[in-house]
Novice: 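Below: one structure in structure tokens.
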Amino acid sequence: MTTAYHLDLGRAVADPTGLITDLVADVEKQLSAETIRAVVAAVAGGRAKSRRLAAALAMRPSVLIDGRSPAPRAIGDLLIELRKAGASEISPPVCVECGKKLRTLQRQGQDWYCSVCGQETAECVACGTVRRVAFRDRKGLLRCKMCPDNDDRDPVDVIYEVITGITPDADRDVIADALHQSAPHRPHYRQSLVWALEENPLLTGEGYLAPHRAILRFIDLLHEAGVTEIVRPACPRCHRVVRIDKPLDGQRVCRNCIAKSRIEECVRCGARREPATRDAQGRPLCPGCLIRDPANRETCTVCGESRMVSCRTTDGPICPNCRPLPLLLCSICGRTAPCTLSKLTGLPRCGGCDRRPAHCTICGRLRGIHSGTTDAPVCGPCTKPDAELWRPCPACGQAERLQAPGPCPHCTLKQRLHELLADDTGAIPTKLQALAGTERAATAMRWLSGGIVSTVLSDLGSGRRPLTHEALDELPEGKVVEHIRSVLVATGTLPRRDEQMARLERHVKDLVTSHTTAEGRRILHRYATWHLLRRLRRRSRGKETTHNQLQVARQHLRAAVYLLNWLGDQNLTLATCQQTDLERWMTSDDVRHRQEAGHFVRWALSQKIARDLTFPAERWNGPSQPMDDEARWHTARRLLHDDTLKSEDRLAGLLLLLYAQWPATISRLTVEQIEETDGAVRIRLGAVPVELPAPVAELALQQVAARRSHAVLGRTDSRWLFPGGQPGRPISAWAMGERLRKLGIRLAQARSTALFQLATDLPAAVLARTLGIDITVAVKWQRAAAGDWAAYAAEVSRRTSPQHPMHEPGLPT
């Protein structure tokens, strides 16, 4: 029983609607499950209410039969709606005092009452009789229905007399209209408003003492109508002239002050914030913990990740990142793309225009585009010059959308950067002045407040830490330090260097130093320094080392460490190791990186460190995964014609599917590799450029024009076709691969299929020159595909124009 109870409470969080439906179906046999579910969905409402309802029913399901309180109001509403739907076994709610079955209910605490038993009784201040309370008089005292507080005066005349005592030239019609708008269709409430203003005039700045919220609305309407001497009240706590309608300690305060008064310590993270919700024990939870709570996340049907639910479709929930946007005509660039509606203009605006800053053609400032066109953009303050919306920054004087008193985000960021980067003289060093400006101030402030960013920048600015790569290398490795380094490199503060190679050199040093034996450290140092690193520098040919090359070198080095450690455990060395010992390790259960270890053994043999050992090399005999050319072309057609997908993802996917390019290669493409001459668009993947067909060419040109770096500080004009989050660097190969996987592309299988088909139709030499792969790799694929090249020259001579793999399998010459 206890186990079933806990299971029900767990299901009340994971599937509240299903639990309520099952509990009702166990009692009611006349209604179908679909009907019950529809009623439950209508009554239960949102996630929090449905969970409370499910938990209450799981704790006491007998309420479905007896209909008795104490119980939440939602259970009573559910019983009433089930009875309306035709339920016969479900009991309606019953009065807690007289037991009358209720068709409507009123509640006191957790108990339900009928209209007779639930009435409040008190002593009438006029007649002294204990009767049901009908209303309150002008002093707020209770009266019965036999003793009304009658006032035969016209409320408009009374309030007009009050206001003319303040401003004699007030218009009576304006006052009457404002009074009726403040309390429409509620004459008694309107009368209470007039009594309050007659007893204590609150129209000259003391509106925060108003007993009724409608008085504040009345003051705002009079102020907007231009009635002089009428003063909008300021919040008595923060002294801002904003909307104040929240009661607190006998005063009306703003939303920010009421939130500060409700601050509690979150029981999970310890943050002091206004609670967003409470747990089962009634303890406060902050908004961050509410969002991160696994119980409030569901699996997105698009990306498959467990995230917050943004919207629900017939296929299931969708997270905010995957929420589909409607295809509309962008009012700025005129392109049909997924768009959102601008809050200023109400017109569609695509993602590219929403994120792209430009110089406003009216004020000339570099700001976000809100209206106009691509050639003549207009910023927000020039689109809608509303003084209430765009207020001047007290520091720079520019119109900004200020949410709180103080400088604008850009000035706040400059002040914060000056505090971090200034030296003893109060000036920012020349080398660090390029960091003092960025377009995305809010994002930059969040970055500065996280981790060790502010500490590192402060040390660099004050001179406590030298402004060199070596000084940054002394810090703990991580994304934060690497991002700081990339910012300093992008702004010219630090010289550019091969970061992957430097990272590999640090890894080699740490791995060699940590080895247990002196002989092992000597061998590892020779292998890493004079073989792995030397060969990697030779193959790079002055270019930056890629992440894949770094990973391969690390795997070879780890394989050497694993083998040396195993030999040490067996009291052996490479010099004393016999073939039987090596084969015993190769067939053991704890063998790791066996193929890479063979590379190390063959190097040791060539250096005379080991003798009489053989380690077989694995020869590549063709792709190991099945070819699926039909799925490849189906995905390619979808990427060509599906405008709901991001254009950069479509271009990257087509480069993989049509030209067999790895994500690591795609991520490092530059804009110089896209050439447009004589109306033709070509991409240079190898020595010979490849002409792109019209749909792919359009995507390529669009990416060149609209690409956007995600860097915050140190953002410069990027040469990369797919810029990354770090300034001056492309998107990582891992991030590019993840984006392609979300499109449903199986990377290895799709590339093998494309390369296999291309090797079938083209000679190895052409394949190597056009795709940028090594000639030996091209020859291996040609042999695996078993292509017939006898008629290739004749076929090329018969072609009248270059063709593309969208027309036939193969690449244009």
Side-chain angles (χ1 to χ4, degrees), residues 539 546-549 551-552 555 593-596 617-640 645 649-669 683-688 690 692-693 696 722 731-789 792 803-813:
R539 290 186 174 181
T546 65
H547 181 73
N548 287 345
Q549 291 174 324
Q551 290 299 102
V552 170
Q555 289 178 1
H593 295 293
R594 181 170 58 182
Q595 182 178 355
E596 290 79 6
E618 296 186 10
R619 183 179 297 276
W620 186 76
N621 295 316
S624 58
Q625 296 184 349
M627 302 290 102
D628 193 352
D629 200 48
E630 182 178 352
R632 167 180 165 242
W633 286 114
H634 173 75
T635 306
R637 294 187 192 97
R638 180 168 67 90
L639 295 181
L640 281 172
L645 302 176
D649 293 346
R650 295 167 61 192
L651 176 62
L654 289 170
L655 291 176
L656 171 62
L657 294 170
L658 301 181
Y659 301 101
Q661 298 296 302
W662 272 116
T665 305
I666 299 173
S667 65
R668 299 186 67 82
L669 291 174
I683 184 170
R684 186 177 293 275
L685 302 173
V688 178
V690 179
L692 299 176
V696 185
F722 299 95
I731 186 174
S732 67
W734 179 87
M736 176 60 73
E738 284 298 302
R739 296 175 70 163
L740 295 179
R741 289 187 190 96
K742 290 181 180 180
L743 296 176
I745 301 175
R746 302 178 64 179
L747 305 182
Q749 185 183 42
R751 181 181 183 269
S752 297
T753 303
L755 200 52
F756 188 87
Q757 186 63 48
L758 294 172
T760 304
D761 298 331
L762 293 174
V766 176
L767 200 64
R769 291 199 306 269
T770 53
L771 298 187
I773 62 178
D774 192 83
I775 185 62
T776 58
V777 176
V779 170
K780 290 180 179 180
W781 275 99
Q782 174 189 332
R783 292 173 180 171
D788 180 14
W789 314 116
Y792 179 77
Q803 296 186 10
H804 188 268
M806 293 306 297
H807 304 287
E808 70 174 42
L811 283 172
T813 57

Novice: Which residues satisfy the salt bridge (Lys or Arg N to Asp or Glu O under 4.0 Å) test with R741, sequence neighbours excluded?
Specialist: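 In terms of salt bridge (Lys or Arg N to Asp or Glu O under 4.0 Å), with neighbours along the sequence ignored, R741 is linked to E738.
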Novice: Does the pair Q661 and L669 meet the rule for a side chain to side chain contact (heavy atoms under 4.5 Å, CB included), with working shown?
Specialist: CA-CA 11 Å; Q661 298 296 302; L669 291 174; 5.9 Å; no
Novice: How long is the span from the CZ atom in R668 to the CE atom in M736, to the nearest 0.5 Å?
Specialist: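 Output value for this atom pair is 12.0 Å.
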Novice: Once rounded to the nearest 0.5 Å, what's the spacing between atom CZ of R746 and atom CG of L740?
Specialist: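 Between R746 CZ and L740 CG, I get 14.5 Å after rounding to 0.5 Å.
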Novice: Does a side-chain heavy-atom distance below 4.5 Å link R739 with I731?
Specialist: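 Yes, their side chains come closer than 4.5 Å.
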Novice: Tell me, do L767 and L758 make a side-chain contact under 4.5 Å, heavy atoms counted?
Specialist: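 Of all side-chain heavy-atom pairs linking L758 with L767, at least one is under 4.5 Å.
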Novice: Taking all atoms of both residues into account, what is the closest heavy-atom pair of A764 and I775, and its distance?
Specialist: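 What the structure gives for the nearest pair is O-CD1, 3.8 Å.
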Novice: Quick one: pull up CG in L645 and NZ in K742 and give me the separation to the nearest 0.5 Å.
Specialist: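 Nearest 0.5 Å value for the CG-NZ distance: 13.0 Å.
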Novice: Is any side-chain heavy atom of W662 closer than 4.5 Å to a side-chain heavy atom of L655?
Specialist: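 Not in contact.
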Novice: Hey, does the side chain of R632 reach the backbone of A750 with a donor-acceptor pair shorter than 3.5 angstrom?
Specialist: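 No; zero donor-acceptor contacts below 3.5 Å.
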Novice: Hey, is the main chain of Q749 close enough, under 3.5 Å, to the side chain of S752 for a donor-acceptor pair?
Specialist: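 Pair absent, no side-chain N/O of S752 close to backbone of Q749.
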Novice: Evaluate side chain to side chain contact (heavy atoms under 4.5 Å, CB included) for L651 paired with V696, printing each intermediate quantity in order.
Specialist: CA-CA 7 Å; L651 176 62; V696 185; 4.2 Å; yes
Novice: Using salt bridge (Lys or Arg N to Asp or Glu O under 4.0 Å) as the criterion, list what pairs up with R751, not counting sequence neighbours.
Specialist: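 Applying salt bridge (Lys or Arg N to Asp or Glu O under 4.0 Å) to R751 gives none.
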Novice: Rounded to the nearest 0.5 Å, how far apart are CG of D649 and CZ of F722?
Specialist: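 So the CG of D649 and the CZ of F722 are separated by 8.5 Å.
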Novice: Give the minimum heavy-atom separation between A733 and P663, together with the two atoms involved.
Specialist: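 Nearest pair, atom of A733 first, then P663: O-CB, 4.0 Å.
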Novice: Can any side-chain N or O of R769 pair as donor or acceptor with the backbone N or O of G686 at less than 3.5 Å?
Specialist: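 Looks like no, no N/O pair under 3.5 Å.
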Novice: Test side chain to side chain contact (heavy atoms under 4.5 Å, CB included) on L747 and L656 and set out the steps.
Specialist: CA-CA 8 Å; L747 305 182; L656 171 62; 3.8 Å; yes
Novice: Rounded to the nearest 0.5 Å, how far apart are OH of Y659 and CG of L755?
Specialist: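 Answer for the OH-CG pair, Y659 versus L755, is 14.0 Å.
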Novice: How many angstroms lie between atom OG1 of T770 and atom CZ of R684, to the nearest 0.5 angstrom?
Specialist: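 Reported to 0.5 Å precision, the distance equals 12.0 Å.
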Novice: Using the side chain to side chain contact (heavy atoms under 4.5 Å, CB included) rule, pick out the option among L640, I666, L692 that qualifies with L654.
Specialist: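 Answer to the side chain to side chain contact (heavy atoms under 4.5 Å, CB included) test with L654 among L640, I666, L692: L640.
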